[in-house]
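Remarks on the structure that follows.
We count ligands from 1, going down the list as the structure has it; atoms in each ligand are counted the same way. Since we're looking at a predicted model, the values are computed, not measured. Both backbone and side-chain heavy atoms feed into the values below; hydrogens, waters and symmetry mates do not.
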Amino acid sequence: MTDLLAQVDRSRLPRHIAIIMDGNGRWARDRGEDRVYGHYEGVISVREIVDACGALDIGFLTLYAFSAENWNRPKAEVDALMELLVNTIRKEADDLNKNNVRLHVIGDFVSLPELAQKEMGEAMEMTAANTGLNLILALSYSSRLEILGATKKLAEMVAGGILAPDDINEEVFQRCLDTAMFPDPELMIRTSGENRISNFLLYQLAYAELYFTPVHWPDFRKDNLYEALLDYQRRERRFGKTSEQIQKNNVPNV
Ligand code: IPE
Ligand code: IPE
Ligand code: MG
């Protein structure tokens with residue numbers, strides 16, 4: 001078997017990887033199981049990818065775990081997902097802490113069940129001083145709602161006379177988003193063959209490299225991540241410039 005990890009150029013890694021973890025339901029149904037079984041198995045992939053990112057010194061990993069739209073799923077599935085969230089955090093928090101991982105949440109935190117808020121809150125507090133991987137869970141997350149929230153904050157500042165409309169720029173706007181503390185992702189991975197963004201980090205992904213794979217999330221393991229990184233490292237990130245300009249300046253692909 002080829003050693004994919006050995007091929008990854010450690011000097012040209014993304015600082016921030018964002019993942020839409022999709023396909024749990026189909027993975028389970030393919031095995032004649034309930035969709036919820038796929039969510040359970042998906043947790044093993046989360047553990048593996050968090051481990052791999054930590055070992056590679058990736059600074060930020062954002063995982064889309066539950067969208068604002070996912071509240072519209074059957075109640076039994078939503079309840080099972082919330083229970084899984086609580087149990088997983090409870091089980092994994094100590095290990096995350098030992099591995100120097102710092103946990104964050106983006107999304108409509110207060111819409112989560114109280115128990116989930118409590119467990120997440122405690123895990124975030126426990127890991128707050130950690131300096132390794134920043135693990136950002138997108139929970140009850142909607143990028144459009146996040147952008148609207150930022151717009152409202154800015155409107156209030158303008159109405160309150162503490163900000164002039166002319167002073168609103170990308171930096172000021174970015175500071176009003178849930179992701180204010182994080183750099184934009186350079187790489188966005190979506191599993192399970194759907195080629196869409198599904199209301200995920202619409203502003204932040206402006207120049208991300210997008211990687212779509214047919215692999216369902218419960219099958220997405222370390223080697224699949226390394227494949228995505230190798231694909232990313234083969235790309236030329238031009239940011240509007242020409243290929244000739246990029247090659248002349250020998251700008252690193254980061
Ligand atoms: C992703 O898998 C997990 C969540 C959205 C919570 P899905 O549950 O969307 O699985 P598919 O897309 O139906 O296969
Ligand atoms: C997006 O997946 C949200 C998460 C992965 C948590 P969905 O499976 O819900 O997305 P759509 O609705 O099919 O686009
Ligand atoms: Mg899906």
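Numbered from 1 in the order shown, with element, the atoms of ligand 1 that lie under 4.0 Å from a heavy atom of Ala65 read 6 (C). The contact set between ligand 1 and Gly25, taken as ligand atoms under 4.0 Å from a residue heavy atom, comprises 7 (P), 8 (O), 10 (O), 11 (P), 14 (O). Less than 4.0 angstrom separates some heavy atom of Phe66 from each of these atoms of ligand 2: 6 (C).
Counting only heavy atoms from C-beta outward, the side chains of Pro14 and Ile17 approach each other to under 4.5 Å. Between Glu146 and Gln204 there is a side-chain heavy-atom pair separated by less than 4.5 Å.
The six-membered or imidazole ring of Tyr141 lies away from that of Phe66, with a centre-to-centre distance of 6.0 Å or more. In summary, the aromatic rings of His104 and Phe60 are positioned with their centroids too far apart to meet the 6.0 Å limit.
The shortest N or O to N or O distance between Arg73 and ligand 2 is below 3.5 Å. Polar contact with ligand 1: absent for Asn70 (N/O pair, distance under 3.5 Å). Looking at Leu81 next to ligand 1, no N or O pair under 3.5 Å apart turns up.
Of all N/O/S atoms in Asp22, OD1 sits nearest the Mg ion (ligand 3).
The residues Glu48 and Lys222 are annotated as not salt-bridged, no charged nitrogen and carboxylate oxygen being separated by less than 4.0 angstrom.
In this structure, Arg35 has a heavy atom closer than 4.0 Å to ligand 1. Residue Ser192 places no heavy atom under 4.0 Å from ligand 1. Between His39 and ligand 1 there is a heavy-atom distance shorter than 4.0 Å. Note on ligand 2: Met21 sits in its first shell, one or more heavy atoms being nearer than 4.0 Å.
Taking all heavy atoms of Asn72, Asp22, Leu139, Ile20 into account, the minimum distance to atom 8 (O) of ligand 2 is reached by Asp22. Considering each of Arg196, Arg26, Arg190, the one bringing a non-hydrogen atom nearest atom 10 (O) of ligand 2 is Arg190.
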Run the side-chain contact (heavy atoms from CB on, under 4.5 Å) test on Leu154 and Leu163 for me, step by step, so that the C-alpha distance in whole Å, both residues' side-chain angles and the decisive distance to 0.1 Å come before the verdict. CA-CA 8 Å; Leu154 291 169; Leu163 181 72; 3.6 Å; yes
Salt bridge (Lys or Arg N to Asp or Glu O under 4.0 Å) between Asp51 and Arg47: does it pass, once the steps are laid out? CA-CA 6 Å; Asp51 258 17; Arg47 207 180 291 134; over 6 Å; no
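Atom NZ of residue Lys75 and atom CE of residue Met82 lie 11.0 Å apart, to the nearest 0.5 angstrom.
Ring planes of Tyr203 and Phe173: tilted class, angle from 30 to 60°.
In this structure, atom 12 (O) of ligand 2 is not in close contact with the protein, since no protein heavy atom lies within 4.0 Å of it.
Residue, atom and distance of the protein heavy atom nearest to atom 4 (C) of ligand 2 are Tyr64 O, 3.8 Å.
Cation-pi geometry between Arg73 and Trp71 is not satisfied (NZ or CZ under 6.0 Å from the ring centre, within 45° of the ring normal).
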